[in-house]
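Worksheet: the structure to be examined is printed underneath.
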Amino acid sequence: MIYNRRKNLIVVLGATATGKTDVSVALARRLGTEIVSCDSRQMYRELPIGTAMPSPEQLAQVKHHFIASRSIVEPYTSGLYEQDALVLLAELFVKYDNVVMVGGSGLYINAVCDGFDEIPPTDPTLRESLTSRLRNEGLDCLLEELRRLDPKYYEKVDRNNPHRVMRALEVCITTGHPYSSIRSGAKVRRPFNIIKVGVAMPRTLLYDRINRRVDIMVEQGLEQEARNVYSFRNMNALQTVGYSEMFDFFDGKISREEAIELIKRNSRRYAKRQDTWFARDSSIMWFDSSEEGVADTVFDYVAGAL
RNA sequence: GGUGCCAUAGCUCAGUUGGUAGAGCAACGGACUGAAAAUCCGUGUGUCCCUAGUUCGAUUCUUGGUGGCACCA
């Protein structure tokens with residue numbers, strides 16, 4: 001697709017609880033545009049509290065996409081997100097020169113900005129059979145098969161990581177080609193310009209915010225929200241901080257207090273992992289959201305970059 | 001006021017028959033192209049409360065402090 005004017009995707013990213021939502025809403029309002037969420041969990045309408053979805057007030061200020069747009073019962077992946085987001089962006093860029101994307105799911109952001117290699121979608125049946133083989137025959141057995149089908153990737157892969165090994169096998173089996181021969185690592189060129197804005201704050205401040213936010217979630221009814229989806233606990237969408245811990249509490253494995261402490265800790269660790277992911281992307285311009293008027297600072301920067 | 005016990009990692013504590021120390025939790029660093037809030041890998045980060053002794057050497061023993069706890073007044 002070729003546009004007759006320069007189109008910009010402004011990506012607001014950063015760890016959880018840094019204040020991305022506020023920045024993105026302010027930015028979208030001043031740019032007179034809409035927001036595309038890039039969050040692998042806020043898309044599930046059953047999980048408003050635990051995923052810290054934007055508030056109804058915030059949603060009323062700017063039109064948001066991919067917020068509460070799906071159900072936890074429909075499996076979804078980053079690959080599908082790439083497709084959905086590109087279709088949506090094509091529509092939005094007809095109306096707007098600038099679109100704001102906001103989220104903390106690094107892989108999803110990369111999918112949109114850099115693209116994935118052309119690989120057929122995941123086959124649920126195959127994944128299921130690999131999962132049960134992992135359980136029954138063990139990781140070593142799957143590793144043996146991977147060594148046979150793709151010796152090159154076998155050397156490279158993290159052999160302790162079942163997800164990586166199974167994913168590689170999946171691709172080898174469905175395509176009939178070694179995974180390593182398909183993985184190019186090449187970035188796709190998008191028909192729009194990309195401006196990445198990072199939102200961060202000092203670690204200790206962020207951890208305080210995370211801890212406080214979890215307490216607020218509990219006050220807002222996180223426990224009940226988790227109970228409502230308990231029967232779907234095996235769905236991928238519920239392999240999520242805030243829910244796994246509550247499920248362990250419901251199962252009597254831990255106390256309610258322990259569950260809350262673990263939600264805080266796991267949120268902190270999640271934030272750390274997000275930092276690690278974003279740290280290697282040198283194209284991100286970072287802003288400290290613990291300082292007054294970040295939204296204005298970010299807007300000035302973006303306006304200058306358009 | 002007296003007596004006793006305690007003081008070691010961010011927290012709870014173990015330990016060193018005198019050779020500068022280690023567990024759990026927390027924390028920290030990293031990987032990651034269709035499960036990604038997932039999954040996986042790595043790392044002790046320390047005035048052993050202070051002071052003066054004894055000693056080749058003190059976190060360990062002794063003296064005197066300081067702080068905390070308990071009991072007695």
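These values consider heavy atoms only, across backbone and side chains, with no hydrogens, waters or symmetry-generated copies. Note on naming: letters A, B, ... go to the chains in the order of the sequence lines (proteins, then strands), and numbering restarts at 1 for each one. If you're wondering where the values come from, they're calculated on a predicted model, not measured in any experiment.
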Backbone N/O of A/Ile49 and side chain of A/Gln220: donor-acceptor pair under 3.5 Å
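No: the side chain of A/Gln220 does not pair with the backbone of A/Ile49.
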
Say you pick atom [atom1] in [N] and the same atom in [M]; how far apart are they, in whole Å?
N: B/A14; M: B/G24; atom1: C1'; result: 11 Å
N: B/U51; M: B/G65; atom1: P; result: 16 Å
N: B/U59; M: B/A7; atom1: P; result: 15 Å
N: B/G22; M: B/G46; atom1: P; result: 14 Å
N: B/G42; M: B/C50; atom1: C1'; result: 38 Å
N: B/A9; M: B/C49; atom1: P; result: 8 Å
N: B/C11; M: B/C28; atom1: P; result: 16 Å
N: B/G19; M: B/C32; atom1: P; result: 46 Å

Separation of [X] atom [atom1] from [N] atom [atom2], in whole Å?
X: A/Phe116; N: B/A36; atom1: CZ; atom2: P; answer: 10 Å
X: A/Asp208; N: B/G10; atom1: CG; atom2: C1'; answer: 14 Å
X: A/Asn160; N: B/U39; atom1: CG; atom2: P; answer: 15 Å
X: A/Met166; N: B/U33; atom1: CE; atom2: P; answer: 17 Å
X: A/Leu86; N: B/G34; atom1: CG; atom2: C1'; answer: 14 Å
X: A/Leu139; N: B/U39; atom1: CG; atom2: P; answer: 15 Å
X: A/Gln274; N: B/A38; atom1: CD; atom2: P; answer: 10 Å
X: A/Tyr76; N: B/A36; atom1: OH; atom2: P; answer: 11 Å

If you check the [X] side chain, which of [options] turns out closest?
X: A/Pro162; options: B/U33, B/C40, B/A35; value: B/C40
X: A/Asp117; options: B/A36, B/U33, B/G34; value: B/U33
X: A/Trp277; options: B/C32, B/G34, B/U39; value: B/C32
X: A/Arg127; options: B/G34, B/C40, B/U33; value: B/G34

Is there a donor-acceptor contact under 3.5 Å linking the side chains of A/Arg213 and A/Thr16?
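Yes, because at least one side-chain N or O of A/Arg213 sits under 3.5 Å from a partner of the opposite role on A/Thr16.
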
Would A/Asp117 and A/Ser184 count as having a side-chain donor-acceptor pair, cut-off 3.5 Å?
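Present: a donor and an acceptor within the cut-off.
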
Using a 4.0 Å heavy-atom cut-off, does [X] contact any base of the nucleic acid, only the sugar-phosphate backbone, or nothing at all?
X: A/Ser184; value: base
X: A/Thr16; value: nothing
X: A/Gly115; value: nothing
X: A/Ala186; value: base
X: A/Arg41; value: base
X: A/Ser78; value: sugar-phosphate

Using every non-hydrogen atom in the two residues, find where A/Gly19 and A/Val199 come nearest and quote the distance to one decimal.
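Looking at all heavy atoms of both residues, the closest pair is C-CG1, 4.4 Å.
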
Heavy-atom closest contact (A/Arg190 atom, A/Val112 atom, distance):
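The pair with the smallest heavy-atom distance is NE-O, 2.7 Å.
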
Given RNA chain B, 5'-ward residue of the pair A/Ala279 and A/Arg273, judged by closest heavy atom
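Checking each residue's closest nucleotide, the 5'-ward one belongs to A/Ala279.
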
Using heavy atoms to find the nearest nucleotide of RNA chain B for A/Arg213 and A/Tyr179 separately, return the residue whose nucleotide is more 5′.
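The residue closer to the strand's 5' end, by nearest nucleotide, is A/Tyr179.
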
Carboxylate-amine/guanidinium contact [X] [Y], below 4.0 Å:
X: A/Arg148; Y: A/Glu144; result: no
X: A/Asp97; Y: A/Arg5; result: yes
X: A/Asp296; Y: A/Arg30; result: yes
X: A/Lys20; Y: A/Asp39; result: no

Would one find more than 12 heavy atoms of other residues, nucleotides or ligands at under 6.0 Å from atom CZ of A/Arg133?
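Result for CZ/A/Arg133: enclosed.
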
Taking Watson-Crick (N1-N3 plus N6-O4 or O6-N4) and G-U wobble (N1-O2, O6-N3), each under 3.5 Å, can you produce the dot-bracket string of RNA chain B? Use [ ] for crossing pairs and | for inter-strand ones.
(((((((..((((.....[..)))).(((((.......))))).....((.((..]....)).))))))))).

Rounded to the nearest 0.5 Å, how far apart are OH of A/Tyr243 and CG of A/Leu238?
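If I round to the nearest 0.5 Å, the distance is 8.0 Å.
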
Just wondering, do A/His163 and B/A35 stack (centres under 5.5 Å, planes under 30°)?
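Yes, A/His163 stacks on the base of B/A35.
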
Distance test, side-chain N/O of [X] to OP1/OP2 of [N], below 4.0 Å:
X: A/Asn110; N: B/G34; value: no
X: A/Tyr108; N: B/A36; value: yes
X: A/Arg164; N: B/C41; value: no

Among A/Met201, A/Arg265, A/Lys272, which residue satisfies the side chain to side chain contact (heavy atoms under 4.5 Å, CB included) criterion with A/Tyr207?
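The single option meeting the side chain to side chain contact (heavy atoms under 4.5 Å, CB included) with A/Tyr207 is A/Lys272.
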
What are the atom names and distances for every N/O pair under 3.5 Å that joins the protein to nucleotides 27-29 of chain B?
| residue | atom | partner | partner atom | Å |
| --- | --- | --- | --- | --- |
| B/A27 | OP1 | A/Arg268 | NH1 | 2.3 |
| B/C28 | OP1 | A/Arg203 | NH1 | 2.8 |
| B/C28 | OP1 | A/Tyr207 | OH | 3.3 |
| B/C28 | OP2 | A/Tyr207 | OH | 2.9 |
| B/G29 | OP2 | A/Arg203 | NH1 | 3.1 |
| B/G29 | OP2 | A/Arg203 | NH2 | 3.4 |

Pull up the glycosidic torsion of B/G68 and say syn or anti, syn being anything within 90° of 0.
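This nucleotide is in anti.
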
